[in-house]
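Working notes, structure below.
Quick note: numbers below take in every heavy atom, side chains included, and nothing from hydrogens, waters or symmetry partners.
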Amino acid sequence: MAARRMLFHRDFRGYTGGHGKVWDYFNHALALGWDARVYLTPESITEDNPWLSMPERIIPRSTTEGADVLFLAGMDWQSVGDGYEHHPPGTPLPPVINLVQGLRHAAVDPSLPLRGFLSRPATRICVSKAVAEAITDTGLVNGPVCVIPAALNLPAIDTSSNVQVDVFVGALKQPEFGADLGERLRSAGYRVDVCAAPLPRNEYLVRSAQARVCVMLPLESEGFYLPGLEAMALGSLLVMPDCGGSREYARNGENCLMPVRSLDAMAAAVTQLENPAIASRLIAQSRATAARYTLESEARAFGTVLTEMGLTEMGLD
């Protein structure tokens with residue numbers, strides 16, 4: 001019997017953590033026995049686009065033909081409307097799985113349609129409890145809501161040829177604050193690498209892995225914020241202000257330091273990590289924390305969701 005078909009939709013304008021997580025679910029679907037296919041918009045680019053490694057799974061048009069389920073995330077709903085571009089008029093859409101990765105889906109923001117998508121029927125997978133609570137509290141959600149914490153998907157990182165630094169500042173989302181913090185730390189005698197511009201994923205990970213301390217600067221509200229968990233997995237000490245969704249894995253004083261978002265507090269936290277006893281305790285707990293967020297556990301949880309939807313009885317061995 002032919003495998004059931006799961007259709008994905010991506011507008012890939014450059015690698016983001018959101019794209020990376022949809023890619024993970026695409027591979028979960030394959031591992032669970034589904035015939036996963038993706039439509040890439042004409043605006044999608046080739047650089048760092050993981051779907052190009054499976055050209056046989058890219059479909060040429062945004063059609064629901066032959067689909068048993070649709071997998072949508074972020075702005076993918078715009079491609080659906082009352083049906084995909086080539087969906088037969090007057091016929092219902094296949095069941096929809098909606099991956100929700102950000103707190104902004106619950107926000108009242110006239111510039112974004114994300115909140116409005118919540119009223120469309122779907123089974124929603126949220127990457128953290130914070131996201132699930134935020135969208136549920138709107139009272140708009142149409143369909144079940146479940147939580148599958150975002151798992152890590154790290155390539156092998158070789159840092160043997162890189163110069164070690166004291167502090168890496170991940171400032172892609174807070175470039176001005178990151179620059180100011182970098183200057184503050186340099187004036188205190190630290191060797192600092194501030195990353196405030198997009199980089200190829202592997203290069204970004206190598207630069208963060210080469211530092212003893214990673215200071216990550218998320219937006220004030222994030223759905224999960226994987227870079228913090230990635231820093232833990234790569235063996236760096238983590239300093240990161242609270243951003244909501246990071247509470248899924250971050251515990252202040254247990255596996256990381258979570259100072260308030262100020263130059264004084266952030267610089268003081270880096271200095272605090274010079275204490276060997278504090279550093280040793282945090283690094284042991286952070287590695288243990290990161291080890292729990294595996295792709296295997298994420299895939300199994302996804303399989304359970306599909307079974308509860310009545311879509312499959314299949315699972316991972």
Go through the steps for I58 and R37 under the test side chain to side chain contact (heavy atoms under 4.5 Å, CB included), then give the verdict. CA-CA 6 Å; I58 300 173; R37 305 282 171 155; over 6 Å; no
Presence of salt bridge, [Y] and [X], under 4.0 angstrom:
{"X": "D48", "Y": "R201", "value": "no"}
{"X": "D35", "Y": "R57", "value": "yes"}
{"X": "K21", "Y": "E298", "value": "yes"}

Decide if the gap between the ring center of F8 and the ring center of Y25 is smaller than 6.0 angstrom. no
Is the centre of the Y225 ring less than 6.0 Å from the centre of the Y249 ring? no
Within the side chain of [X], is there an N or O that forms a donor-acceptor pair under 3.5 Å with the backbone of [Y]?
{"X": "E222", "Y": "L219", "answer": "yes"}
{"X": "S53", "Y": "P50", "answer": "yes"}
{"X": "R191", "Y": "Q164", "answer": "yes"}
{"X": "S280", "Y": "P276", "answer": "no"}
{"X": "S297", "Y": "Y293", "answer": "no"}
{"X": "R247", "Y": "S128", "answer": "no"}
{"X": "S236", "Y": "S208", "answer": "yes"}
{"X": "S79", "Y": "D76", "answer": "yes"}
{"X": "R212", "Y": "L273", "answer": "yes"}

With side chains defined as the heavy atoms from C-beta onward, is the minimum distance between [X] and [Y] less than 4.5 Å?
{"X": "M240", "Y": "P218", "result": "yes"}
{"X": "L114", "Y": "M75", "result": "yes"}
{"X": "E220", "Y": "D242", "result": "no"}
{"X": "M266", "Y": "L217", "result": "yes"}
{"X": "V131", "Y": "L103", "result": "yes"}
{"X": "E254", "Y": "L282", "result": "no"}
{"X": "P113", "Y": "Q78", "result": "yes"}
{"X": "H19", "Y": "R10", "result": "yes"}

Search all heavy atoms of [X] against all heavy atoms of [Y] and return the closest pair with its distance.
{"X": "T294", "Y": "A291", "value": "CG2-O, 3.3 Å"}
{"X": "D166", "Y": "G189", "value": "OD2-O, 4.4 Å"}
{"X": "L172", "Y": "P198", "value": "CD2-N, 3.6 Å"}
{"X": "A250", "Y": "M232", "value": "CA-CE, 4.5 Å"}
{"X": "S246", "Y": "M258", "value": "OG-CE, 4.2 Å"}
{"X": "V194", "Y": "A179", "value": "CG1-N, 4.3 Å"}

Could you measure the distance from the [atom1] atom of [X] to the [atom2] atom of [Y]? Nearest 0.5 Å is fine.
{"X": "I97", "Y": "L72", "atom1": "CD1", "atom2": "CG", "answer": "9.5 Å"}
{"X": "R5", "Y": "I59", "atom1": "CZ", "atom2": "CD1", "answer": "7.5 Å"}
{"X": "T138", "Y": "L118", "atom1": "OG1", "atom2": "CG", "answer": "5.0 Å"}
{"X": "R300", "Y": "L295", "atom1": "CZ", "atom2": "CG", "answer": "12.5 Å"}
{"X": "C214", "Y": "L237", "atom1": "SG", "atom2": "CG", "answer": "9.0 Å"}
{"X": "F12", "Y": "L52", "atom1": "CZ", "atom2": "CG", "answer": "8.0 Å"}

Hey, quick one: are [X] and [Y] part of the same hydrophobic cluster, counting side-chain heavy atoms closer than 4.5 Å, chains of contacts allowed?
{"X": "M216", "Y": "I283", "answer": "no"}
{"X": "I45", "Y": "M54", "answer": "yes"}
{"X": "M6", "Y": "F26", "answer": "yes"}
{"X": "V215", "Y": "F177", "answer": "yes"}
{"X": "V213", "Y": "L205", "answer": "no"}

Checking [Y] against [X]: is there a side-chain donor and acceptor pair closer than 3.5 Å?
{"X": "S262", "Y": "D264", "answer": "no"}
{"X": "H105", "Y": "R115", "answer": "no"}
{"X": "D68", "Y": "W34", "answer": "no"}
{"X": "T289", "Y": "S286", "answer": "no"}
{"X": "T307", "Y": "T304", "answer": "no"}

Is the ring pair [X]/[Y] parallel, tilted or perpendicular, if the boundaries are 30 and 60 degrees?
{"X": "F168", "Y": "Y204", "result": "perpendicular"}
{"X": "Y39", "Y": "H9", "result": "tilted"}
{"X": "H28", "Y": "F302", "result": "tilted"}

Stepwise, does the side chain to side chain contact (heavy atoms under 4.5 Å, CB included) test hold for D11 with S44? CA-CA 5 Å; D11 183 32; S44 294; 4.2 Å; yes
Trace of the side chain to side chain contact (heavy atoms under 4.5 Å, CB included) decision for L229 with L152: CA-CA 8 Å; L229 187 62; L152 289 163; 3.8 Å; yes
More than 12 heavy atoms from other groups under 6.0 Å of CD on E47: no
Within 6.0 Å of CD in E43, more than 12 heavy atoms from elsewhere: yes
Please report the C-alpha distance between N153 and W23 in whole Å, then the side-chain angles of each, then the deciding distance to 0.1 Å, and finally whether the side-chain hydrogen bond (donor to acceptor under 3.5 Å, both in side chains) criterion is met. CA-CA 10 Å; N153 186 0; W23 169 245; over 6 Å; no
Where do V100 and I125 land on the side chain to side chain contact (heavy atoms under 4.5 Å, CB included) test, with the steps shown first? CA-CA 6 Å; V100 186; I125 297 174; over 6 Å; no
